[in-house]
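Each remark here refers to the structure printed beneath this line.
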Amino acid sequence: MKNQEIANIFYSIADILEMKEVEWKPIAYRKAARSIESLSKDIEEIYKQGGQKELEKIPGVGEGIAKKIIEYLNTGKIKEYEKLKKSIPVKVEELMNVEGIGPKKIILFYKKLKIKNLKDLEKAAKSGKIRKLPRMGEKTEENILKAIAFAKRAGKRKILGYALPIANEIVSKLKKLKEVNQIQICGSTVRKKETIGDIDILVTTKNPKKVMDYFTNMEGVERIVAKGPTKSTIVYNSIEVDLRVVNPNSFGSAVQYFVGSKEHNVVLRRIAISKGYKLSEYGLFKGNKKIAGKNEKEIYKRLGLKWIPYELRENRGEIEAAKKNKLPKLVEMEDILSDLQMHTRYSDGNNTVEEMVNACKKRGLKYIAITDHIGQLAVAGAMTSKEVKKQRKEIEKLNSKFKNFKILQGAEVDIKLNGSLAADKKVLKELDIVLAAIHSGLRRGKKEQTKRILSAIESGYVNIIAHPTGRLINTREGYELDWEKIFEAAKKNNVALEINAYPTRLDLNDIHAKAAKEADVMLSIGTDSHSVEHLRFLELGVYVARRAWCEKKNIINTLPLNRFKKKLGI
DNA sequence: GCCGTTTTCGGCCCGACTGTTTTCAGTCG
């Protein structure tokens, strides 16, 4: 899929045009980029099936941008983009990644200090050159250095929501080969970690050469890093993908080994030794005799353990639990009956209420919360109280048509700096469900943020705290919170904490969600969808819940509507 | 460069926050 590549180019074009002070076009390019990256269909397929006309049906894509997409699909380049890049020889993408840095600062830094990349920027900030520029000071430098440090730490890891579809795509391609017998995604991808270094795939086959030849020559391979009979590495959609061929007799032990995590495996091997065995990727051995290896379950059994779901293999107590047969029965996608955060055209979503509803019904959900913005988020097109009423009528009309599906009218309201809610109390009271979240003042300290959220929880109007830490994976660290206080208040006031399933958020993360679960706080999952294409992210929320040891009972989306309402007191 | 249930030309929803200023530019959402 070239969707993300193309979207990234349009983002860059927008940035460069903004540096050149071109009006309006940046907005248009960004809009197109946003809708292209959230397409669930391969843009190349769309073009192949419907040509330029079909491309122009993508919101924000018109004749000009459609032609550029076609140019890229055909030639791998966009001439105008190449021209723009040459006119300002700066690593725009790299610098834009630094929080607090935008096109205006980039062009200023380039013109005044010849800053072209991250390295130059760091040097300039460290040597105090930035503070001499107009409207810059010590604090600016400090913030830049902090942001660079974060960007460096995040490194080149890909987010799960990006890597997982690619892994699945490769697996489905490989499965079509009749030479491939068993196949399994391993590593952090199958453990559903929020970011992934590379994708590991294991296969068994009688014809390694054929499989490797196919793998390294598949459409979409950008680079072959290594190629051998048992292991090959390619770069595919800018992710490194390893394919390993193993013996069927060792498939289980190889999966065990390559799934990891490293910490989990270390403990497992120690247990093997204590029982007089040796565990490696080739099998479980007693002396020279292999006693298990074909399948994973057998290995765990021989070590006196129940089989452990991949998401738990982090050495966070799962091995002890497996020993005592006390592993949680993890929540599953099939248990989820609802999606509790999504937006429509009433605020900043791309689709109508009806379109969102139909897509959710198709996905087998039983009820949903429509949660458009209200409050001060102007750019997100926050609803006025008049619009809330209009939407209410529309929802009531739709609800009257359904027997086995219910739309709850909700809203996502801002928590202001002083902790008050940025909406009319009367409006909030009329809604079926209220989500509250921090959207501004993200850099405030732990004490202040905790106070803000506590006051939302205790307001008596709020049912769910949305994306509680405000983090954006690889982009922005969330603010700190005093979790003990938040959990206590949430429990006392019957407020749920959200696992936001949007790929770049996953907020709460696995660690915080697990702590919430242990504190007996309700958790909700919401996709934060801004178009029907986003609804598929629901599974990412389930993965976080699973990594957080959550069972069905911990997630309020698993409750049938009547029990859900009772539980929340709505 | 896109878009149209007020427009095929003329708009493109802006308000809060921060860090720098002493009236505001840049960034974020």
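Residue numbers begin at 1 in each chain, while the letters A, B, ... track the order of the sequences.
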TODO: Could you tell me which residues satisfy side-chain hydrogen bond (donor to acceptor under 3.5 Å, both in side chains) with Glu141(A), sequence neighbours excluded, listed by chain and number?
DONE: Arg131(A)

- [ ] Provide the distance between the two C1' atoms, one in dG11(B) and one in dT7(B), to the nearest whole Å.
- [x] 9 Å

Can you give me the N/O atom pairs linking the protein to nucleotides 26-28 of chain B at distances under 3.5 Å, or say none if there are none?
residue : atom : partner   : partner atom : Å
dT27(B) : OP1  : Gly102(A) : N            : 2.5
dT27(B) : OP1  : Gly102(A) : O            : 3.0
dT27(B) : OP1  : Lys105(A) : N            : 3.1
dT27(B) : OP2  : Lys104(A) : N            : 3.2
dC28(B) : OP1  : Gly100(A) : N            : 2.9

Task: For Ser524(A), side-chain hydrogen bond (donor to acceptor under 3.5 Å, both in side chains) partners two or more places apart - done: none

Open item on the list: Taking side chain to side chain donor-acceptor pair (under 3.5 Å) as the cut-off, I'd like each qualifying pair that reaches into residues 423-437 of chain A, sequence neighbours left out, listed once.
Closed with: Arg392(A)-Asp432(A)

Task: N-O pairing of Glu71(A) and Lys68(A) below 4.0 Å - done: no

- [ ] Once you apply the 3.5 Å cut-off to both distances, tell me the Watson-Crick or G-U wobble partner of dT8(B), or none.
- [x] none

Open item on the list: Distance check, C1' atoms only: dG4(B) and dC13(B), in whole angstrom units.
Closed with: 15 Å

- [ ] Considering only atom P, compute the distance from dT20(B) to dT27(B) and round it to an integer number of Å.
- [x] 14 Å

TODO: Using salt bridge (charged side-chain N to carboxylate O under 4.0 Å, His left out) as the criterion, point out the one residue from Arg30(A), Lys25(A), Lys20(A) that pairs with Asp15(A).
DONE: Arg30(A)

Open item on the list: Classify Glu138(A) by what it touches in the nucleic acid, base, sugar-phosphate, or nothing, heavy-atom distance under 4.0 Å.
Closed with: sugar-phosphate

- [ ] Could you measure between the two C1' atoms, the one in dT8(B) and the one in dC3(B), and give it in whole Å?
- [x] 9 Å

Task: Between dT22(B) and dC17(B) - P atom distance, rounded Å - done: 23 Å

- [ ] Taking side-chain hydrogen bond (donor to acceptor under 3.5 Å, both in side chains) as the test, write out the residues that go with Gln341(A), two or more places apart.
- [x] His343(A), Glu498(A)

TODO: Nearest whole angstrom, please: distance from the P of dC13(B) to the CD1 of Ile374(A).
DONE: 22 Å

What nitrogen or oxygen pairs link the protein and nucleotides 9-12 of chain B at under 3.5 Å?
residue : atom : partner  : partner atom : Å
dC12(B) : N4   : Trp24(A) : NE1          : 3.1

Open item on the list: Test ring pair (Phe, Tyr, Trp, His ring centres under 6.0 Å) on Phe564(A) and Tyr367(A); report intermediate values, then the result.
Closed with: CA-CA 10 Å; Phe564(A) 170 81; Tyr367(A) 59 98; 5.0 Å; yes

Task: Atom C1', compared across dG26(B) and dT21(B): separation rounded to whole Å - done: 13 Å

Open item on the list: Classify Arg444(A) by what it touches in the nucleic acid, base, sugar-phosphate, or nothing, heavy-atom distance under 4.0 Å.
Closed with: sugar-phosphate

- [ ] Indicate whether any N or O donor in one side chain lies under 3.5 Å from an N or O acceptor in the other, for Asp372(A) and Thr344(A).
- [x] yes

Open item on the list: Applying the salt bridge (charged side-chain N to carboxylate O under 4.0 Å, His left out) criterion to Glu194(A), which one of Arg505(A), Arg471(A), Arg547(A) satisfies it?
Closed with: Arg471(A)

